[in-house]
Amino acid sequence: GEAVVVVVPPAPGRDVLPEDIPLSIVYEDEHLIVVDKPAGMVVHPAPGNWSGTLVNALLGRGALPEGGGEDRPGIVHRIDKETSGLLLVARTERTHRALSAAIAGRRVVRRYAAVSWGHVEQDEVTIEKPLARDPRLAGTSGAPRAGCGPGPSVGFLRIALYKHSGWVQSRRPGVSL
């Protein structure tokens with residue numbers, strides 16, 4: 001006849017703190033910041049990376065971006081931790097909504113360059129397979145898997161050829177290698 005009551009407290013919130021981390025700002029005005037994100041930097045705080053992120057650095061320089069939520073202020077899109085490249089950051093809620101809609105509507109063109117191992121036989125290659133997240137690698141895209149439905153068409157253009165590798169560039173808006 002005894003009752004046991006267990007009270008589980010809510011998980012503690014994580015404050016996103018400003019940090020003094022140098023950034024390469026390519027463009028900045030009252031609406032938008034374009035950052036050249038280095039490889040190795042995580043875009044926003046998340047489990048395993050609560051500090052040292054692009055968001056921490058932006059807050060540390062007093063940029064105070066808006067939109068995207070408390071953990072991702074101003075962040076319109078992301079690129080992988082080990083990928084370098086230009087990243088758009090909204091400074092106002094209105095800019096965040098407009099950029100998010102443009103990216104979702106595939107009106108923003110993204111270009112990615114990569115080095116391939118082995119020879120790319122054709123000057124242009126199109127892969128028409130569904131890309132799906134690899135369940136073993138959280139946050140990554142991977143090889144096609146059954147049941148994923150029709151996939152995007154990803155085009156690659158060979159721009160250089162070396163003895164044992166090639167240099168290719170993606171030609172599909174909104175799709176990375």
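In this structure, Asp29 places its CG atom where more than 12 heavy-atom neighbours from other residues, nucleotides or ligands lie under 6.0 Å away.
Salt-bridge annotation for Arg61 and Glu19: absent, with no side-chain N of the basic residue lying under 4.0 Å from a carboxylate O of the acidic one.
Distance check: Arg97 CZ to Thr92 OG1 gives 8.0 Å after rounding to the nearest 0.5 Å. One distance of note links CE of Met41 with OG1 of Thr83; it measures 14.0 Å at 0.5 Å rounding. Rounding to the nearest 0.5 Å gives a distance of 7.5 Å between CD1 of Ile21 and OG of Ser51. Expressed to the nearest 0.5 Å, how far NZ of Lys81 lies from CG of Leu54 amounts to 13.5 Å.
The cluster map of Ile, Leu, Val, Met, Phe, Trp and Tyr, joined by side-chain heavy atoms under 4.5 Å apart, puts Val89 and Val16 in the same cluster. A continuous path of Ile, Leu, Val, Met, Phe, Trp and Tyr side chains, each step under 4.5 Å between heavy atoms, connects Ile79 with Val55, placing both in one hydrophobic cluster. Hydrophobic clustering keeps Val42 apart from Leu86 (ILVMFWY residues linked when any side-chain heavy atoms are closer than 4.5 Å, directly or through intermediates).
By the 4.5 Å heavy-atom criterion applied to side chains, Ile33 and Leu58 are counted as neighbours. Side chains of Val35 and Ile25 form a contact here, defined as non-hydrogen atoms less than 4.5 Å apart. Taking the side chain as every heavy atom from C-beta outward, Leu88 and Leu32 approach each other to under 4.5 Å.
Between the side chain of His31 and the backbone N or O of Arg91, no donor-acceptor pair lies under 3.5 Å. Using a distance-only test at 3.5 Å, with no hydrogens or angles considered, a donor-acceptor pair links the side chain of Asn56 to the main chain of Leu17.
Ser84 and Ala39 get closest at one heavy-atom pair: CB-N, 3.6 Å. Taking every heavy atom of both residues into account, Pro45 and Thr53 meet most closely at CD-OG1, 3.5 Å. Scanning all heavy atoms of the two residues, the minimum distance from Val43 to Lys37 falls at CG2-CD, 3.8 Å.
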